[in-house]
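Chain letters run A, B, ... following the sequence lines, proteins first and then strands; every chain starts at 1.
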2 protein chains.
Amino acid sequence: MSKYASNKGTKNSSAPPLKGVNRALEVLELVASKPGRATDIANELGISWATLHRTLSQLEQGGFLERDSDSGRYNIGTKAWQIGTKYLANHRVLELAQPYLDSAAGKGSLTVQLVQRSGRIALTLYSRNISGEIITKATYGYHFPLHCGSKGQVLLAYSPREFIESYLDGPLESLTSESVVNPEKIRKIIEDIKSNGYAFTEGDVQPFSGSISAPVFDHQGSLVAAVCIITRRSAFKDQARKEEITEIVLQTTQSISIALGWRPSGILKK
Amino acid sequence: MSKYASNKGTKNSSAPPLKGVNRALEVLELVASKPGRATDIANELGISWATLHRTLSQLEQGGFLERDSDSGRYNIGTKAWQIGTKYLANHRVLELAQPYLDSAAGKGSLTVQLVQRSGRIALTLYSRNISGEIITKATYGYHFPLHCGSKGQVLLAYSPREFIESYLDGPLESLTSESVVNPEKIRKIIEDIKSNGYAFTEGDVQPFSGSISAPVFDHQGSLVAAVCIITRRSAFKDQARKEEITEIVLQTTQSISIALGWRPSGILKK
DNA sequence: TGAATATATCCGTTATATGGATATAATATA
DNA sequence: TATATTATATCCATATAACGGATATATTCA
């Protein structure tokens, strides 16, 4: 039927789809978010088994996927890490921010992260963990939705209005019993964050941890990342300690933003 | 160029190649190792411009590549990091090793890494850097060939004979004027490493840094990773310090190997 | 300003991926 | 242990979807 009707309605002539490649990328994304067996993947993606099989083999052969021969489950492979790390090697903001993050971590023996928004999730770019106190999911590879955890909330709060709305329209998952998933309440939280300049949450990602985050801006005043300090929840009971941590976060984000050319008063440098 | 010969003569019936997907993966690998403009990539891979363009667009649209609109250069994109980090989240050895690595880092304010072999390169899985002393390329995203740096040499030394030979047959790049690239000399180094149980190199990766590495084995006694301690070269002038660091490396690898079920004397547990 | 180089897009042709069907392997169940 | 069930692997004729030469546009350089 559709011999030549590949073009969608998009104003600029939509690119030809390269179906095979697209499927492979989809498979990668799916496996990343939910490792599983071949059949699961085929069902989830609604593609024929034979087709999927070829794709899986190809990805496995390239090292992008790995298959555990006992369980038959596919996982992300070595090559994906090898290539993914190259993203960091060219990351201007990270390079610039790193010394400030390390210094912050030193100040209070804290877990400090630099995070960035990627679609609907908060993506950790750098994580400086303190040996003594290990918070399970405060490392690379744990991506949370934006409405859970102070880091996501900050990233959400300073995103464009339209994005916020479309985000809140989507499904809002609960990570713990304390996660806030009511759009109306999240809107309120966003208000607060924007007036305070930082976010604080506890127990909404992991039951026994809490975090404080603040935004990093570039020379145009737009959000590029967030800095997040995570620690065990109990630490925040001590009000003085909490204020101290807040101070460290704000100082750090301010320093990084300034290093990026941002000017506090909104006066852009010419 | 043509990395993997499409399975023609393989004994089992040749699998269908899925050319498009394969090309996309090749592009990713190439960009990771050498970011560049579209034309460069097309030439390097020897594929027609039109074809490449589609592939690039698709990868960019998926977030696997990013294009700097000023320079026109393509780099690895956010999504690649997002997915790559998931590799770590499922990494048994890393999970188990991490506490030991952190403890080692604490002992001497050192940069400690866990590395793994991936094809012809040494791939960093975990890197604990010390704030004060920053060694430029001791982070994620810098992948070195196996013959440069103690970590690569250890990984090479304990690889299967046949792999070593095929590795030495390939082209051996120099990273600094002190890199050893003579196959005969490398064979000698491998001998030494296997009799000492660790490797030490300086100035062969970066002029002013040096490192000591030792192998990590699993319950079957096969190499799974290496632990590497990197510091400024001058530190190794102090013989006592050098021995101290060697001791830390060996203790760490031993602990991790044992935790993996390896038994020192070669006695396998039943 | 014009030449040269890089990027974007079009479109007929055919090589290539598709998916139903069949074959084999691995589990679950009786 | 035998048998049903579900998962994985492979084959092959067909039509779809990708290819690449050619052309159009944008960008860079001299």
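Straight-line distance from the CG atom of A/L56 to the P atom of D/dA9: 9 Å, rounded to whole Å. Following rounding to the nearest Å, B/D68 (CG) and C/dA6 (P) show an atom-to-atom distance of 17 Å. Taking atom CZ of A/R73 as the reference point, atom P of C/dT27 lies 14 Å away to the nearest angstrom. For the pair A/H53 NE2 and D/dT6 P, the computed distance is 20 Å after rounding to whole Å. C/dA8 atom C1' lies 15 Å from atom CD of B/Q61, rounded to whole Å. As a whole-Å value, the separation of B/N22 CG from C/dT16 P is 13 Å. Atom C1' of nucleotide C/dA6 and atom CG of B/D70 are separated by 15 Å, given to the nearest angstrom. In this structure, B/R54 atom CZ and C/dA17 atom P are separated by 13 Å, rounded to whole Å.
In this view, B/S127 and B/Q113, B/N129 satisfy the side chain to side chain donor-acceptor pair (under 3.5 Å) rule, not counting sequence neighbours. Every residue two or more places apart in sequence or in another chain was checked for a side chain to side chain donor-acceptor pair (under 3.5 Å) with A/S209, and none qualifies. Legend: residues meeting salt bridge (Lys or Arg N to Asp or Glu O under 4.0 Å) with A/E29, ordered by chain and number and at least two apart, are B/K79. Listed by chain and number, the residues in a salt bridge (Lys or Arg N to Asp or Glu O under 4.0 Å) with B/R92 amount to none (sequence neighbours excluded). Take B/S255 and apply the side chain to side chain donor-acceptor pair (under 3.5 Å) test, not counting sequence neighbours, and it matches no residue. With sequence neighbours excluded, no residue satisfies side chain to side chain donor-acceptor pair (under 3.5 Å) with A/N43.
Using a 4.0 Å cutoff on non-hydrogen atoms, no part of residues 34-41 of chain B comes near DNA chain D.
Summary of the strand contacts: B/G72 and A/T55 both lie near DNA chain C, and taking for each the nucleotide with the nearest heavy atom, the more 5' one is attributed to B/G72. With DNA chain C read from its 5' end, the first of the two nearest nucleotides for A/S71 and A/T51 is the one closest to A/T51. Two residues, A/G20 and A/Y74, neighbour DNA chain D, and the one matched to the more 5' nucleotide by heavy-atom proximity is A/Y74.
For A/R67, taking side-chain heavy atoms from C-beta onward, the closest of the listed nucleotides C/dA8, D/dT8, C/dA17 is D/dT8. When the nucleotides C/dA17, D/dA18, D/dT10 are ranked by their closest atom to the side chain of A/L18, D/dA18 comes out on top.
Ring geometry, A/H91 versus A/Y87: the interplanar angle exceeds 60°, so the pair is classed perpendicular (tilted spans 30 to 60°). Ring geometry for A/W81 against B/Y140 counts as perpendicular: the plane angle is over 60°, on a 0 to 90° scale with 30° as the lower cut.
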Protein N or O to nucleotides 21-26 of chain D N or O, pairs below 3.5 Å:
none

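Here salt bridge (charged side-chain N to carboxylate O under 4.0 Å, His left out) pairs that include residues 162-176 of chain B, with residues two or more places apart or in two chains, are B/E165-B/R187.
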